[in-house]
There are 2 protein chains.
Amino acid sequence: MLSQPVNRPLPMRHFAEELPAAQPDGEPSTPVRAMTAAGEANRERILDAALARFARTGLSGTRIEAIAQDAGLSKTNLLYYFRSKNALYLAVLTRTLDMWLEPLRAIDADRDPREALGHYITAKLEAARDHPEASRLFALEVMQGAPMLSAVLATDLKELVDRKVALLQLWQAEGRLKPHKPHHLLFQIWATTQHYADFATQVEQLTGASLADPVFFQQTREAIVASILGAVLP
Amino acid sequence: MLSQPVNRPLPMRHFAEELPAAQPDGEPSTPVRAMTAAGEANRERILDAALARFARTGLSGTRIEAIAQDAGLSKTNLLYYFRSKNALYLAVLTRTLDMWLEPLRAIDADRDPREALGHYITAKLEAARDHPEASRLFALEVMQGAPMLSAVLATDLKELVDRKVALLQLWQAEGRLKPHKPHHLLFQIWATTQHYADFATQVEQLTGASLADPVFFQQTREAIVASILGAVLP
DNA sequence: GTCTATAAGCGGATAGAC
DNA sequence: GTCTATCCGCTTATAGAC
């Protein structure tokens with residue numbers, strides 16, 4: 001749809017998306033619109049800063065000037081790289097989504113259910129530990145009705161989940177999983193693992209620990225694995 | 001600290017709280033500051049509308065004019081009842097908090113652990129079904145670091161949780177629960193039950209159902225009870 | 001208690017020089 | 001690519017009449 005920051009005036013407030021235009025690998029030798037190394041580095045710093053801010057204060061609660069400061073440039077300069085706050089927000093969402101869905105994709109039909117699900121839980125909990133902002137970003141977005149992401153959820157996520165649900169049903173038919181509505185299994189895994197990222201403030205206030213503590217991480221992992229796998233394995 | 005809307009000018013943007021001044025039961029016969037029946041009804045309608053809006057779009061994403069319209073009065077008039085947006089937000093939070101913590105308080109030492117925890121899970125899931133906005137409101141608040149609520153969480157909630165954790169540890173010592181860090185049991189219950197409220201959009205998109213559907217509710221309840229109680233009961 | 005009018009300030013976005 | 005200056009709309013909040 002769109003590609004790079006084209007400075008044409010728009011009559012109304014535009015919500016046009018500037019998806020970061022899948023940069024061709026290798027040096028930016030393309031004559032059409034070359035992105036310098038410094039430029040690319042700025043882009044990345046902006047996206048990192050934006051993720052942190054949006055995950056903490058949401059879209060409307062975040063001022064682009066704060067993001068710019070975190071990234072070490074001026075507000076105007078940030079708007080050179082991203083045409084609008086919404087464009088930046090969307091860029092952050094899409095950049096993070098693939099990474100976020102990766103563990104689910106990795107659930108493998110060839111593996112043993114116990115092993116595959118155990119790996120999935122561990123991977124999700126590691127993601128909650130290593131990328132809590134990503135978890136919170138999506139949680140904020142989905143909780144507000146996914147205004148910017150509903151299309152992707154309804155298509156990409158739905159498709160992916162449908163495939164994995166079919167796999168779980170297959171395992172059930174083979175007697176390798178107890179009969180259950182498979183969605184609940186997924187929801188329980190998502191809910192419990194992401195809780196430790198999304199509600200980290202509360203978890204720390206109540207226990208004094210976080211997933212960053214290896215002992216606490218192991219405890220948590222075992223608690224989740226025990227309850228969820230215990231319920232679905234025959 | 002403060003009580004009713006006093007119209008004194010404030011030099012800086014004020015975050016002073018107008019906690020709703022625990023209205024004495026019975027008719028407003030107090031001569032000091034009587035609240036008419038109509039006034040009280042307005043207040044309630046505002047609070048209801050505010051809960052719905054804040055839960056959906058957050059504090060900064062909500063315009064008080066939208067709340068006013070939902071409640072059927074003008075923005076100016078809303079500000080007659082609540083001195084500021086922040087005051088209104090705080091009033092909504094505090095009004096909802098007690099209701100939200102009630103199920104946890106109800107966990108009873110005299111009951112059988114299986115029964116007590118089963119009831120707790122059911123009550124939490126009913127709350128997620130009947131008051132999803134309350135769930136989302138607190139989720140939004142806590143996920144953003146609980147800027148307005150951290151004091152209450154650190155004292156009231158902490159105290160309440162500490163008491164219940166002690167009870168769970170007692171049950172463990174008596175051999176009526178498997179040894180486990182009790183916090184994880186609570187977190188799992190919170191996470192799974194609240195997930196169906198907080199991520200209702202996603203749940204509906206993926207399953208086509210919601211907790212409002214009695215069949216789906218039962219399915220969900222049984223899945224949660226099975227996994228969580230299965231793991232902690234001896 | 002409710003309305004009209006308006007103050008006051010913030011924050012996103014653009015223009016244009018360098 | 002980065003900066004300075006500035007515009008403009010939006011939203012909270014207040015003043016004051018009725």
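Everything numeric in this text was worked out from a predicted model, so none of it was measured. Letters go in sequence order (proteins before strands), and every chain restarts at 1. Heavy atoms only: backbone and side chains are in, while hydrogens, waters and symmetry mates are out.
- Spacing between atom CG of A:Leu79 and atom P of C:dA15 amounts to 13 Å, rounded to whole angstrom units.
- As rounded to whole Å, 11 Å separates atom C1' of C:dC10 from atom NZ of A:Lys85.
- Under 4.0 angstrom from either OP1 or OP2 of C:dT2 there lies at least one side-chain N or O belonging to B:Tyr81.
- For A:Tyr80, the listed nucleotide lying nearest its side chain is D:dG1; candidates were D:dG1, C:dG12, D:dA13.
- The shortest non-hydrogen separation linking B:Leu59 to B:Lys85 is O-NZ, 2.9 Å.
- Non-hydrogen atoms lying under 4.0 Å from DNA chain C are contributed by B:Ser74, B:Thr76, B:Asn77, all within residues 60-78 of chain B.
- Ion pair A:Glu133/A:Arg136 not flagged as a salt bridge, since none of the NZ, NE, NH1 or NH2 atoms sits closer than 4.0 Å to an Asp/Glu carboxylate oxygen.
- For B:Gln202 and B:Tyr196, the side-chain atoms include no donor-acceptor pair closer than 3.5 Å.
- The minimum heavy-atom distance between B:Tyr120 and B:Leu186, with the atom names listed, is CE2-CD2, 4.3 Å.
- Between the side chains of B:Glu40 and B:Tyr81, no donor-acceptor pair of N or O atoms lies under 3.5 Å.
- Contact annotation: A:Asn42 reaches the phosphate of D:dT2 (side-chain N/O to OP1 or OP2, under 4.0 Å).
- Note: CZ (B:Phe82) to P (C:dT2) measures 13 Å, nearest angstrom.
- At a cut-off of 3.5 Å, with distance as the only test, no side-chain donor of B:Lys158 or A:Gln205 sits close to an acceptor on the other residue.
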